[in-house]
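Working notes, beginning with the structure itself.
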Amino acid sequence: QVQLVESGGGLVQAGGSLRLSCAASGRTFSNYAMGWFRQITGKEREFVQSISASGGATYYADSVKGRFTISRDNAKNTVYLQMNSLKPEDTAVYYCAARRGVVSTRHREYDYWGQGTRVTVSS
């Protein structure tokens with residue numbers, strides 16, 4: 001089992017920045033690829049970014065490329081999502097997820113999920 005706890009969400013004006021954190025516990029964090037996803041009520045969970053277990057490979061959704069950056073600190077068992085130039089359409093609940101093995105952009109391939117943190121971007 002892997003337990004994930006997100007933090008860092010909140011209310012921000014358009015053009016602002018937030019940094020989300022996801023703290024992991026329970027298993028060897030460095031064995032797990034990590035992903036960030038987001039969801040608007042009534043819509044399917046959407047891929048945002050993901051990072052391989054070593055941190056050597058990252059993937060981005062086109063909608064956030066150039067604005068968001070995923071990173072991880074395996075010594076701290078934490079993955080981050082730096083979000084800059086935020087837009088109202090970034091408003092959603094953001095989830096981090098973990099899977100053992102190859103990094104993926106598909107939410108159904110992740111085994112463990114946090115409870116989510118809400119991000120609201122006002123115009």
Between the main-chain N or O of [Y] and the side-chain N or O of [X], is there a donor-acceptor pair closer than 3.5 Å?
X	Y	answer
Glu6	Cys96	yes
Ser52	Ala57	yes
Thr117	Gly9	yes
Asn77	Ser30	no
Thr78	Lys76	yes

Within 45° cone and under 6.0 Å: Arg100 NZ/CZ vs Tyr112 ring = no
If you draw the axis of the six-membered ring of Phe47, does the NZ or CZ of Arg106 fall within 45° of it and under 6.0 Å from the ring centre?
-> no
Output the distance between atom OG (Ser63) and atom CG (Asp90), rounded to the nearest 0.5 Å.
-> 7.0 Å
Tyr94 side, atom OH; Trp36 side, atom CH2 - distance, nearest 0.5 Å | 10.0 Å
Close side-chain approach of [X] and [Y], heavy atoms under 4.5 Å:
X	Y	result
Arg99	Ser104	yes
Val5	Gln3	no
Phe68	Asn84	no
Met34	Leu4	yes
Val119	Met83	yes
Gln49	Tyr59	no
Tyr32	Val2	yes
Asn31	Phe29	no

Show your working on side chain to side chain contact (heavy atoms under 4.5 Å, CB included) between Arg19 and Thr69 and close with a plain yes or no.
-> CA-CA 9 Å; Arg19 188 175 83 153; Thr69 303; over 6 Å; no
Compare every heavy atom of [Y] with every heavy atom of [X], then report the nearest pair and how far apart it is.
X	Y	value
Ala33	Gly101	CB-O, 3.7 Å
Ser71	Val79	O-CG2, 3.1 Å
Arg67	Leu86	NH1-CA, 3.9 Å
Tyr110	Ser50	OH-CB, 3.5 Å
Thr58	Tyr60	OG1-CE1, 3.4 Å
Thr105	Phe37	O-CE2, 3.7 Å

When you group the ILVMFWY residues by side-chain heavy-atom contacts below 4.5 Å and let the links chain together, are [Y] and [X] in the same group?
X	Y	result
Leu20	Ile51	yes
Leu18	Tyr95	no
Val93	Tyr80	no
Val103	Val48	no
Leu81	Trp113	no

Single hit among Glu44, Glu46, Arg45 for side-chain hydrogen bond (donor to acceptor under 3.5 Å, both in side chains) with His107 | Glu44
